[in-house]
Amino acid sequence: MQVLNLSDGFINEVLDPSLDLTAEIQRLKQERNAVLLAHYYQEPAIQDIADYVGDSLGLARRAADTEKDVILFAGVHFMAETAKILNPDKTVLLPDLNAGCSLADSCPADEFGRFKAMYPDHIVISYINCSAETKAQSDIICTSSNAEHIVRQIPLDQPIIFAPDRNLGAFLIKETGRDMVLWDGVCIVHQTFSEEKLIRLKMRHDGAQVLAHPECDASVLRHADYIGSTSGIRNYAINSPEQTMIVATEEGILHQMRKDSPGKTFIPAPPEGGCTCSQCPHMRLNTLQKIYLCLKHGAPEITMDEEIRLQALRPIKRMLEMSVAVV
Ligand code: 13P
Ligand code: SF4
């Protein structure tokens with residue numbers, strides 16, 4: 001058996017093809033007293049074995065509440081980092097350390113520090129899709145579920161910097177009427193949806209409703225009947241009398257939506273170019289094999305500087321306190 005080191009960001013070991021990965025993962029979870037948390041953008045097989053599947057806020061809350069010794073995060077790096085910030089004494093595992101995020105990458109902490117220094121009287125609200133170092137320079141963290149709720153709690157005379165997602169920021173400006181300074185970052189997945197193809201798709205499906213994530217560009221959001229987080233989109237679809245809906249977010253969410261409402265039709269919104277898929281290349285680095293190996297070897301593990309952790313904990317705690325009312 002060949003075990004490679006972690007220099008690739010994940011453990012690579014040749015597996016016996018007859019291994020029942022699902023059963024092995026369940027066994028190892030018990031053995032290590034681990035909880036498996038998965039984001040909606042994970043492949044269906046991973047969602048099906050997770051102890052909890054949710055959006056960024058739900059996952060942060062679960063990570064904050066868990067009593068297990070080990071948190072295995074089937075998501076991307078900033079999510080696992082958030083779990084570590086909340087649980088310094090627990091082991092937090094991420095199956096592939098390369099699972100990053102274009103929004104987090106768009107906002108390096110040193111550049112962000114210089115940007116922030118240009119607006120000394122501004123409060124900093126950062127979307128959770130950023131590194132621990134950028135969180136450490138923020139006053140409040142938010143997710144797409146609670147962003148509007150949090151912005152509305154800031155006194156009107158208090159100027160705000162919002163980072164790093166310019167689309168979510170622009171959406172919040174529109175919804176709340178607050179004039180915020182925006183960092184210029186985008187999500188590579190949501191930015192790629194095509195307005196022109198969306199209009200054509202909507203016409204082909206008799207004016208089907210469009211449900212969109214606020215990370216989408218304004219050109220797509222203007223055609224949306226509902227705009228919200230992944231959980232918001234999921235709940236809207238459950239409660240809507242509509243039978244056909246076009247969904248403008250990473251297509252992993254369709255797995256739960258189809259399970260919730262087997263009689264309804266959910267169509268992924270089309271991206272620009274020839275590709276018909278809308279998958280996040282970072283989220284999709286996680287596989288059942290990597291989850292199995294990660295549990296088996298207890299690696300790769302998230303580690304971080306304690307000073308940064310403490311600085312990043314403050315705005316995350318503030319988010320959790322300010323969004324108790326958000327379900
Ligand atoms: P939510 O699941 O919180 O809506 O966020 C979507 C996302 O892009 C996570 O990376
Ligand atoms: Fe980041 Fe976009 Fe992937 Fe979410 S979908 S992890 S925002 S790149």
Side-chain angles (χ1 to χ4, degrees), residues 37-43 46-47 50 52-63 73-83 94-107 125-131 134-135 141-150 162-169 171-172 183-193 211-217 220-221 224 226-237 247-257 268-269 271 275 277-286 316 319-320 323 326-327:
L37 305 180
H39 189 265
Y40 287 126
Y41 297 166
Q42 294 297 288
E43 64 177 57
I46 295 177
Q47 294 188 37
Y52 175 77
V53 186
D55 71 356
S56 306
L57 180 61
L59 289 163
R61 284 174 168 160
R62 279 295 168 126
F73 225 109
V76 290
H77 196 272
F78 76 81
M79 295 178 169
E81 240 182 14
T82 303
L94 183 67
D96 190 327
L97 293 176
N98 300 313
C101 168
S102 68
L103 278 169
D105 292 347
S106 80
C107 193
I125 304 181
S126 293
Y127 192 33
I128 198 164
N129 298 40
C130 64
S131 68
T134 297
K135 286 186 176 75
I141 299 303
C142 71
T143 73
S144 45
S145 282
N146 59 19
E148 187 176 334
H149 185 74
I150 286 175
F162 187 85
D165 187 355
R166 69 160 192 243
N167 288 338
L168 175 59
F171 170 70
L172 292 169
W183 180 266
D184 191 15
V186 290
C187 160
I188 44 166
V189 179
H190 291 85
Q191 187 60 24
T192 311
F193 292 121
L211 321 186
H213 196 280
E215 287 175 17
C216 295
D217 191 85
V220 166
L221 292 182
Y226 173 80
I227 300 171
S229 67
T230 48
S231 307
I233 289 174
R234 181 181 177 189
N235 292 333
Y236 182 91
V247 183
T249 191
E250 214 274 8
E251 65 179 35
I253 185 73
L254 299 179
H255 181 56
Q256 297 298 331
M257 294 172 80
C275 176
C277 59
S278 334
Q279 296 183 349
C280 171
H282 303 290
M283 288 278 183
R284 302 297 175 136
L285 285 176
N286 295 322
I316 294 174
M319 167 185 84
L320 294 172
S323 56
V326 178
V327 285

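Atoms within each ligand, like the ligands themselves, are counted from 1 in listed order. Computed over heavy atoms, backbone and side chain alike; hydrogens, waters and symmetry mates excluded.
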Ligand 2 to Leu103, heavy atom cutoff 4.0 Å, flagged ligand atoms 7 (S)
Of all the heavy atoms in Glu250, does at least one lie under 4.0 Å from an atom in ligand 2?
-> no
Under 4.0 Å from a heavy atom of Ser56: give me the atoms of ligand 1 that qualify, with their elements.
-> 1 (P), 2 (O), 3 (O), 5 (O), 9 (C)
Test log, rule side chain to side chain donor-acceptor pair (under 3.5 Å), inputs Gln191 and Asp217 | CA-CA 6 Å; Gln191 187 60 24; Asp217 191 85; 3.2 Å; yes
First locate atom CZ of Arg284, then atom OH of Tyr41, and finally report the distance between them rounded to the nearest 0.5 Å.
-> 10.5 Å
Under-4.0 Å heavy-atom contact with ligand 1, by part of Tyr41 that carries it = side chain
Approximate separation, where rounding is to 0.5 Å, of Thr82 OG1 and Ile128 CD1 = 4.0 Å
If you scan protein heavy atoms around atom 10 (O) of ligand 1, the nearest is Asn129 ND2, 3.3 Å
Taking all heavy atoms of Tyr127 and all of Asp165, pick out the closest pair and write down the distance.
-> CD2-CB, 4.0 Å
Which atom pair, heavy atoms only, marks the closest approach of His282 to Ile188?
-> NE2-CD1, 4.1 Å
Is the shortest N/O to N/O distance between His190 and ligand 1 below 3.5 Å?
-> no
Atom 3 (Fe) of ligand 2 to nearest N/O/S of His282 below 2.8 Å | no
Would you please classify the geometry between the Tyr226 ring and the Tyr236 ring as parallel, tilted or perpendicular, with 30° and 60° separating the classes?
-> parallel
Are the side chain of Glu250 and the backbone of Thr230 linked by a donor-acceptor contact shorter than 3.5 Å?
-> no
Glu250 touching ligand 1 at heavy-atom level, < 4.0 angstrom = no
Distance filter under 4.0 Å to Cys280 heavy atoms, resulting ligand 2 atoms | 3 (Fe), 5 (S), 6 (S), 8 (S)
Would you mind telling me if ligand 1 is within reach of the side chain of Thr249, the backbone, both or neither, using heavy atoms under 4.0 Å?
-> neither
Does Ser144 have a heavy atom less than 4.0 Å from any atom of ligand 1?
-> yes
Contacting atoms of ligand 1, where contact means under 4.0 angstrom from a heavy atom of His213 | 1 (P), 4 (O), 5 (O), 6 (C)
Test of proximity, Glu215 against ligand 1: N or O pairs below 3.5 Å | yes
Atom 1 (Fe) of ligand 2 to nearest N/O/S of Cys101 below 2.8 Å | yes
Ranked by distance from atom 2 (Fe) of ligand 2, the top protein heavy atom is Cys187 SG, 2.3 Å
Which of the atoms in ligand 1, numbered in the order shown and given with their element, are less than 4.0 Å from a heavy-atom of Met79?
-> 9 (C), 10 (O)
Can you list the ligand 1 atoms lying under 4.0 Å from a non-hydrogen atom of Ser229?
-> 4 (O)
Which distance, rounded to the nearest 0.5 Å, do you find between the NE2 of His149 and the CG of Leu57?
-> 10.5 Å
Rounded to the nearest 0.5 Å, what's the gap from CD1 on Ile141 to OG on Ser323? Could you check?
-> 11.5 Å
Separation between CG of Leu94 and CG of Asn286, rounded to the nearest 0.5 Å | 6.0 Å
Atom pair NE2/CG of His213 and Leu168 - distance to nearest 0.5 Å | 8.0 Å
